[in-house]
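From a predicted model like this one, the values you see are computed outputs, not experimental measurements. Whatever order the structure lists them in is the order used to number ligands and atoms, beginning at 1.
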Amino acid sequence: MIGMKIAFFDTKPYDTIWFEPLSKEYGYQIRYYDYRLNSDTAVLAEGYDVVCVFVNDKVCAKTIQTLKKCGVKMIALRCAGYNNVDISAAAEARLPVVRVPSYSPSAVAEHAAALLLAVNRKTHRAYYRIRDNNFSINGLMGFDLNGKTAGIIGTGQIGTIFARIAAGFGMRVLAYDPFPKDQPLEFVPLDQLITSSDIISLHCPLTPDTFHIINKQRVRQMKKGVVIINTSRGALIDTEALLEGLIDGHIGGAGLDVYEEEGDYFFEDKSGEIIRDEELSRLLTLPNVLVTSHQAFFTREAMQAIAMVTLENICALEQGRPLENLVLPR
Ligand code: NAI
């Protein structure tokens, strides 16, 4: 007997590897769509109990209305962030939204550290030079992390681990979080963090309060040569302000796993196409910028946890148990 029927949007090969065997154990049937979920594709959910979505599916009010009409009973995010879902509209439609609040915070914090090390020591450039038999080290000078100050914005699961990693490098760690927990960290006001840090790493969610938390004014307040790392959400940074700071040399480098307008590009092979996003194109030309395609989460451990928690969330709905990972409107 088939249990829940799931319409799975924005499918990539690595999703099926983890979801398919596990869904069989649950007795669930998954229909994998390559399409992203949006108001045009929502009709594909007709006849399914649950839609399973990722970071770049657009679950707006119109999409939600269509899902409801199609008989969908739940929106299951297979990620932590939920800024792409209109949570109030879902609540109004009585359509529960669940997420995977944590799959591998270490994976993301470790990737942030990888970006920091690469941008600072220019490993991405050294790799290409040596492949071309260019053994010159001119222009590859970085700075010691030991003794510098790391500013961490958002000290939840990922930020806390990144703080530990930074401390391991011998850095002084400053933290800003409007809802600090009882943590042995040096919390300071945001302005102080911005003016005092040699590197700034973003680990807060994207909300109306954090949209463009890094803007023109804050860039100007930063130390000259600051390195900015963003593994959270692209729109935490005003890209125009970032570009301005990078081009005039005020910002020393940026490691970005996310980008404000990533939806049209990230996770897709666009190697045969022209990138029409001028800000992304410009970023990619700068030698002191390293962009990865929202891959910070992408470890075996995280993928396994994503599949397990997502299917467990769906199982809770099926069995009428409380939805532990329910997302509520703010
Ligand atoms: P979390 O919920 O454990 O921590 C977020 C922290 O941000 C909380 O301590 C919260 O109080 C704080 N915060 C809220 N508003 C803030 C503000 N205005 N200023 C500063 N801090 C604020 O979340 P977690 O697991 O640490 O994830 C953080 C973010 O990382 C997620 O929201 C998501 O956007 C991103 N992420 C990125 C992934 C990737 O692959 N690149 C994978 C997973 C998460």
Side-chain angles (χ1 to χ4, degrees), residues 10 12 14-15 53-57 77-85 87 97 99-116 150-166 173-185 187-194 197 200-215 218 228-237 254-260 262-263 265-267 290-306 309-310 325-328 330:
D10 200 10
K12 296 286 180 283
Y14 45 82
D15 291 316
V53 299
F54 197 49
V55 295
N56 287 319
D57 292 290
L77 284 154
R78 53 182 191 277
C79 53
Y82 48 87
N83 51 285
N84 54 330
V85 181
I87 300 296
V97 179
R99 66 177 183 135
V100 184
S102 164
Y103 22 102
S104 175
S106 308
V108 183
E110 287 167 16
H111 191 76
L115 288 174
L116 170 60
I152 296 177
I153 301 182
T155 55
Q157 301 187 79
I158 298 168
T160 303
I161 298 173
F162 186 79
R164 229 166 37 220
I165 294 173
V173 175
L174 299 180
Y176 168 72
D177 194 314
F179 316 103
K181 286 131 223 126
D182 189 15
Q183 290 160 293
L185 285 171
F187 284 100
V188 294
L190 182 57
D191 281 343
Q192 187 181 336
L193 182 147
I194 294 285
S197 301
I200 294 176
S201 196
L202 298 169
H203 298 289
C204 55
L206 177 61
T207 66
D209 293 339
T210 60
F211 176 79
H212 286 184
I213 194 166
I214 302 300
N215 55 23
R218 293 219 163 99
I228 299 176
I229 305 296
N230 189 7
T231 54
S232 274
R233 285 293 180 266
L236 296 177
I237 299 182
L256 309 172
D257 187 51
V258 286
Y259 167 64
E260 240 185 317
E262 70 179 45
Y265 296 95
F266 282 24
F267 301 111
L290 178 55
V291 178
T292 53
S293 186
H294 208 135
Q295 68 170 81
F297 73 98
F298 199 38
T299 63
R300 281 194 295 275
E301 291 79 358
M303 287 305 295
Q304 188 176 27
I306 286 171
V309 176
T310 303
N325 296 318
L326 187 66
V327 183
L328 295 169
R330 277 157 67 85

Asks: With a cut-off of 4.0 Å, which atoms of ligand 1 are near a heavy atom of His294?
Replies: 39 (C), 40 (O), 41 (N)
Asks: Output the list of atoms in ligand 1 that are nearer than 4.0 Å to some heavy atom of Ile153, sorted by atom number.
Replies: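 Counting from 1, the qualifying ligand atoms are 20 (C).
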Asks: Quick one: does any side-chain atom of Ser232 pair with a main-chain N or O of Leu202 as donor and acceptor, under 3.5 Å?
Replies: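 Such a contact is found between Ser232 side chain and Leu202 backbone.
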Asks: Which atoms of ligand 1 have any heavy atom of Tyr103 under 4.0 Å away?
Replies: 42 (C), 43 (C)
Asks: Distance to 0.1 Å, residue and atom name: give those for the protein heavy atom nearest to atom 8 (C) of ligand 1.
Replies: Asp177 OD2, 3.4 Å
Asks: Quick one: which of Gly156, Cys204, Ser232 has a heavy atom closest to atom 4 (O) of ligand 1?
Replies: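 Selected option, by shortest heavy-atom distance: Gly156.
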Asks: Give a yes or no on whether the backbone of Gln295 and the side-chain of Asp257 come within a donor-acceptor separation of less than 3.5 Å.
Replies: yes
Asks: Have a look at Leu190, Ile158, Val108 and point out the one with the heavy atom closest to atom 24 (P) of ligand 1.
Replies: Ile158
Asks: Counting only nitrogen or oxygen atoms and a 3.5 angstrom limit, does Lys181 reach ligand 1?
Replies: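 Lys181 vs ligand 1: N/O contact under 3.5 Å present.
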Asks: How far is atom 3 (O) of ligand 1 from its nearest protein heavy atom, and which residue and atom name does that atom have?
Replies: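 Protein heavy atom at minimum distance: Gln157 N, 2.9 Å.
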Asks: Considering both backbone and side-chain atoms of Gly81, is one of its nitrogen or oxygen atoms within less than 3.5 Å of a nitrogen or oxygen in ligand 1?
Replies: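 Between Gly81 and ligand 1, no N or O pair is found under 3.5 Å apart.
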Asks: I'd like to know if Pro105 contacts ligand 1, where contact means a heavy-atom distance under 4.0 Å to any ligand atom.
Replies: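 It does not; every heavy atom stays at 4.0 Å or beyond.
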Asks: Counting heavy atoms only, name the option from Ser104, Pro205, Gly234 that's nearest to atom 14 (C) of ligand 1.
Replies: Pro205
Asks: Using a 4.0 Å cut-off to any heavy atom of Thr210, which atoms of ligand 1 qualify?
Replies: 16 (C), 17 (C), 18 (N)
Asks: Could you see which bit of Thr155 sits under 4.0 Å from ligand 1, with heavy atoms only: side chain, backbone, both or neither?
Replies: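 The answer is the backbone.
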Asks: Determine the minimum heavy-atom distance between Pro101 and Asn325, stating which atoms define it.
Replies: CG-OD1, 3.3 Å
Asks: For atom 33 (C) of ligand 1, which protein heavy atom lies nearest, and how many Å away is it?
Replies: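 Its nearest protein heavy-atom neighbour is Arg233 NH1, 3.7 Å.
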Asks: Verify, without hydrogens or angle tests, whether Thr210 (side chain) and Pro205 (backbone) share a donor-acceptor contact under 3.5 angstrom.
Replies: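 Yes; judged by distance alone, with no hydrogens or angles, the pair exists.
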Asks: Check ligand 1 against Ala296 and write out every atom of the ligand that is under 4.0 Å from a heavy-atom position of the residue.
Replies: 39 (C), 40 (O), 41 (N)
Asks: Going by the atom numbers of ligand 1, which of them fall below 4.0 Å from some non-hydrogen atom of Asp257?
Replies: 39 (C), 40 (O), 41 (N)
Asks: With a 4.0 Å cut-off on heavy atoms, does Ser102 reach ligand 1?
Replies: no
Asks: Using the six-membered ring wherever Trp is involved, compare the ring planes of Phe54 and His294 and label them parallel, tilted or perpendicular (cut-offs 30° and 60°).
Replies: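 Rings of Phe54 and His294: tilted, as their planes differ by 30° to 60°.
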